[in-house]
Amino acid sequence: MQDKLLHVENLNISFSTGDTLLEVVSDVSFDIDHGQTIGIVGESGSGKSVSARAIMQLLGNNAVVGSESIITFNGEDILSKSEKEMRKIRGNDIGMIFQDPMTSLNPTMKVGKQISETIRIHENASKKEAAARAKEIMRLVGIPNVDERFDQYPFEFSGGMRQRIIIAIALACSPKLLIADEPTTALDVTIQAQILDLIKDIQEKTGTSILLITHDFGVVANMCEKIVVMNQGRVVESGTTSEIFTSPKEEYTKKLLASIPNLHEEKSPESKEKLVQIYSGTREKLLEVNKLAKHFPIGRKNTLKAVDSISFDIYKGETLGLVGESGSGKSTTGRTLLRLHEATSGETIFEGSDLNTFKKKQMKEMRKKVQFVFQDPYSSLNPRKTVEDIIGEALDIHKLAANKKLRRERVEELLTLVGLDTSFAKRFPHEFSGGQRQRIGIARALAVEPEFIVLDEPLSALDASVQLTIVDLLEELQRKLNLTYLFIAHDLATVKKLSDRVAVMYKGQIVELTDSEELFTNPMHNYTRKLLSAIPVPDPHYTATDASFAHDDSVEISLEGQTLQEVKANHWVMQ
Amino acid sequence: MLKFLGRRLIQTIPVLIGVTVLTFSMMLLIPGDPAQIMAGESASPAQLEAARERLGLNDPVPVQYYNYVSGVVRGDLGNSIRSGRAVSTEVFGRMAPTVELAFYSTLLSVFIGLTAGVVSAVRRYTFIDSALMFGALFGLSMPNFWLGLMLIQWLVIGTGWFQGFGWFQASGWGTPQQMILPVITLGTAGSAIIARMTRSSMLEVIEQDYIQTARAKGVSEKKVIYKHALRNAMVPVVTVVGLQFGSLLGGAVITETVFAINGLGRLIINSIRARDFPVVQGGVLVFAFLFVFVNIMVDVIYRLLNKRIDLN
């Protein structure tokens, strides 16, 4: 075992909740060699993050590590170390990168100080020396204008830049092992590609070992030599990356691999039929959006053009995908369409009249026909209401249930429709998993029998296998109820699967609009190509060909003076 | 920062105008005729009319208000009915003990409140936590006039260690011996509020991801608490401290009465009893100005603590 950098054997971890012990990790074993990168892949609740925290001994007071568990790092027994001895290892021999760059930096401390703090703790360095070293590391992780940036606060940095700072903190003392806990999950795809590149690059330069924890097979495929698949606190399977991808042995691994959406999958005949009707003009329009704009004032003088004069049509029964990165204006578009935001200018024509001119009463009528499903299934359901009241509220507002009995029946009907048990009606949101909650959110939207639903990133908080079931549900509901969707997402793979046509948004504008197959096989706008090339490919033998776009921020994409033009039949590109 | 301060000062102008409107209308709304009081119970109608004329009560209300505000701007708050001296002299002469009392009480409550709050949060769900939070609840629930009386009963009369009465009866500043009990009386409720606020704020901050980041760097637990957690937890606490200072000014009215301190609070109470309206008016106005001033200071501290806040 001496040659291994990290050796984990029979790791058992339980959390005490009141009087009971809840086992969250059982019999987990794996090794990391010097200079090796291994990935732990699993869905939420698989125990992957807890195992990583055990290596740092950062589990908190209510965690109990089993007596037969062994963790040795660099030949030393981690589990027998005192808190004081552990502190010498943390940040010094083992660095850790966390998931959410927005919350993982101290908001009231200058970033430079947050980096140099690590150096000053572990090395006998003066303030000046530590600052110089910190600046050097900031350059290493690709922060521009280091001298100026050194004295700024985290809020002055973008998400990707913050993640670079967090990586700099972890690297400050040249650790032998870097633990990266979902380092790119909270980031946009193009930023994700850059951060993964950076981590790879750092490994090559410094020779540090990396333990990469993720739920995304796309991320591990090109990063790791070995993969450990975890489920419900146990190791399901481990092996080299190509073994896992090409010949998975366990059912669970196969299931996970199968749930990765395939970008090259052909669209259903049904979807193709829809497109033919749309393009030949035989399918009815549901919504006509003309030069819709939404500007937000920033301070007294400036405005943020969140949505800057966009036009598109939505046809009955289709799914229009709206893709873009954070800040592109896609969510604002969805909200402005339903007048959750008031439009600054432009029209939204629905059944011949402009929604934006509707009075209160007309709008209330309208709300029966258009609904919204929110991104976060945890915060979008009132925790103090039962499922019956959450779904039933819409029925009450629009007086759709004559009495309690009918209301109850309708709620049960809706629960069945979204694939939930009718007995759930009396229970509260916290009793359900993320996927179940999202189903409740969908049932709530369906309660008023709408024609049109705006789905605002309904999948992004869910595990991949759960995402797939929700996508299936949405497709099934669309078929049964003849629903029209505006599907807002940043994840291109799910967009491809669900949408008939896709609009790509960038800086408040639609830069490309066409059917989804055409978009993915023949992307024309530079920004679309950049997005597509940034998607991590879940294939260890894949080598990027069009990588320059995603990985290089210097490719300027300007929209100045351009308009959306039909470049070829039914393929609109900003030019 | 200076720009911010300037803007913040300009913003207080409407607030201050509102305050003068309120104190001015107080004069109009309270029962009793100031002229009658001034001229005495047995005044003849002619004397009464003369008093009215002198006080400007025959002018239309807007003119009265204009005269009042232009007086305030020049520092002229009218004359006391009782003593005949300028209200400004009366009020400013009594301000020092009140401000000092409120200031020391704030210091005390910040010191006790922060310490207790941090200890409670760090030792969450232990005996110390429960004991401190019980103490805080007790301190919060206890009316301060009662606390003051009990302190006098036990410590002054019982032991003779402290001199409870007459902090500022004579001119000059109080001795520590005289000050301790009033400061405790006034500062207890504030300590309790700050302790509870600090505890809940600390508990929230300790759960944040950046605390985990700090621990993963190898920062010692003590430094995690004081360098990383406390500064962030202080942000909401500072707001409470500012509001607290305001209510301390109000609380001073009672505390000064209990301890016979010749401060602004006591002046107002006595003037209300004697229906000496100009003094009441002047006192309330000064209290309000103090409150506005303190809250500007709170905003400044808030901004220094939390660089993210852009108070545009």
Side-chain angles (χ1 to χ4, degrees), chain A residues 49 52-53 55-62 83-110 113-122 152-156 162 165-166 169-170 172-173 175 179 181 186 298-302, chain B residues 1 3-4 6-8 10-11 121-129 198 201-239 300-312:
Chain A
S49 289
R53 279 177 171 65
I55 298 167
M56 292 283 262
Q57 291 287 288
L58 280 175
L59 286 169
N61 295 329
N62 59 344
E83 173 64 20
K84 207 176 158 192
E85 289 168 320
M86 265 326 286
R87 278 210 302 271
K88 287 188 187 138
I89 293 176
R90 285 182 207 140
N92 192 19
D93 296 319
I94 309 178
M96 194 154 178
I97 305 168
F98 297 93
Q99 173 170 355
D100 190 352
M102 301 319 269
T103 58
S104 295
L105 288 172
N106 186 341
T108 57
M109 199 188 263
K110 290 173 180 167
K113 203 175 161 200
Q114 298 195 45
I115 301 169
S116 57
E117 187 184 23
T118 320
I119 301 166
R120 298 204 67 199
I121 291 167
H122 297 293
Q152 288 182 337
Y153 288 88
F155 75 94
E156 295 167 87
R162 287 190 203 198
I165 298 287
I166 291 167
I169 291 173
C173 292
I179 301 175
D181 189 356
I298 318 175
R300 230 165 290 164
K301 283 172 204 150
N302 301 318
Chain B
M1 194 68 205
K3 204 174 151 197
F4 157 74
R7 197 165 42 226
R8 196 68 189 75
I10 290 168
Q11 279 169 356
V122 173
R123 301 250 179 276
R124 187 183 185 180
Y125 300 144
T126 59
F127 173 74
I128 299 173
D129 179 24
T198 307
S201 178
M202 276 297 279
L203 286 179
E204 200 178 298
V205 168
I206 285 173
E207 296 292 316
Q208 298 293 314
D209 290 345
Y210 55 82
I211 298 300
Q212 181 89 269
T213 310
R215 288 194 179 124
K217 280 187 208 175
V219 178
S220 70
E221 198 54 30
K222 207 164 126 194
K223 277 193 175 159
V224 167
I225 297 299
Y226 290 102
K227 254 178 95 180
H228 289 269
L230 188 59
R231 194 180 161 120
N232 286 289
M234 278 298 287
V235 173
V237 175
V238 169
T239 315
V300 170
I301 296 171
Y302 203 82
R303 205 174 145 93
L304 287 177
L305 267 180
N306 192 346
K307 303 280 198 257
R308 276 172 305 177
I309 296 170
D310 196 32
L311 288 167
N312 273 340

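Every chain is numbered from 1 and lettered A, B, ... according to where its sequence line falls, protein lines coming before strand lines. Small disclaimer: the values here were computed from a predicted structure and weren't measured.
- B/Tyr210 OH to A/Ile169 CD1: the interatomic distance, rounded to the nearest 0.5 Å, is 13.5 Å.
- Of the listed residues (A/Glu83, A/Arg53, A/Gln57), the greatest number of heavy-atom pairs within a distance under 4.5 Å of chain B belongs to A/Arg53.
- Only the side chain of A/Ile121 comes within less than 4.5 Å of a heavy atom of chain B; its backbone N, CA, C and O stay farther away.
- The pair B/Lys227-A/Glu117 counts as a salt bridge, with a side-chain nitrogen and a carboxylate oxygen less than 4.0 angstrom apart.
- With rounding to the nearest 0.5 angstrom, the CE atom of A/Met109 is 4.0 Å from the NE2 atom of B/His228.
- Of the inter-residue distances, the one linking B/Asp209 atom CG with A/Asp181 atom CG reads 10.0 Å to the nearest 0.5 angstrom.
- Taken to the nearest 0.5 Å, the CZ atom of B/Arg231 stands 5.0 Å off from the OG1 atom of A/Thr108.
- Between chain B and the options A/Ile94, A/Asn92, A/Thr118, the largest number of non-hydrogen pairs under 4.5 Å is found for A/Thr118.
- With respect to chain B, the highest number of heavy-atom pairs below 4.5 Å among A/Gly91, A/Ser104, A/Gly95 belongs to A/Ser104.
- For A/Lys88, the side-chain contact (heavy atoms from CB on, under 4.5 Å) criterion is met by no residue, not counting sequence neighbours.
- What you find for B/Ala216 and A/Met96 is that their closest heavy atoms are CB-CB, 4.1 Å.
- Expressed to the nearest 0.5 Å, how far CG of A/Asp100 lies from CD of B/Gln212 amounts to 13.0 Å.
- Considering only heavy atoms from C-beta on, A/Gln114 comes within 4.5 Å of B/Lys217 through its side chain.
- Side-chain contact between B/Asn232 and A/Asn106: present, with at least one pair of heavy atoms (C-beta onward) separated by less than 4.5 Å.
- Neither the backbone nor the side chain of B/Val205 comes within contact range of chain A, judged by heavy atoms closer than 4.5 Å.
- Heavy atoms of other residues, nucleotides or ligands lying less than 6.0 angstrom from CD of B/Glu204 number 12 at most.
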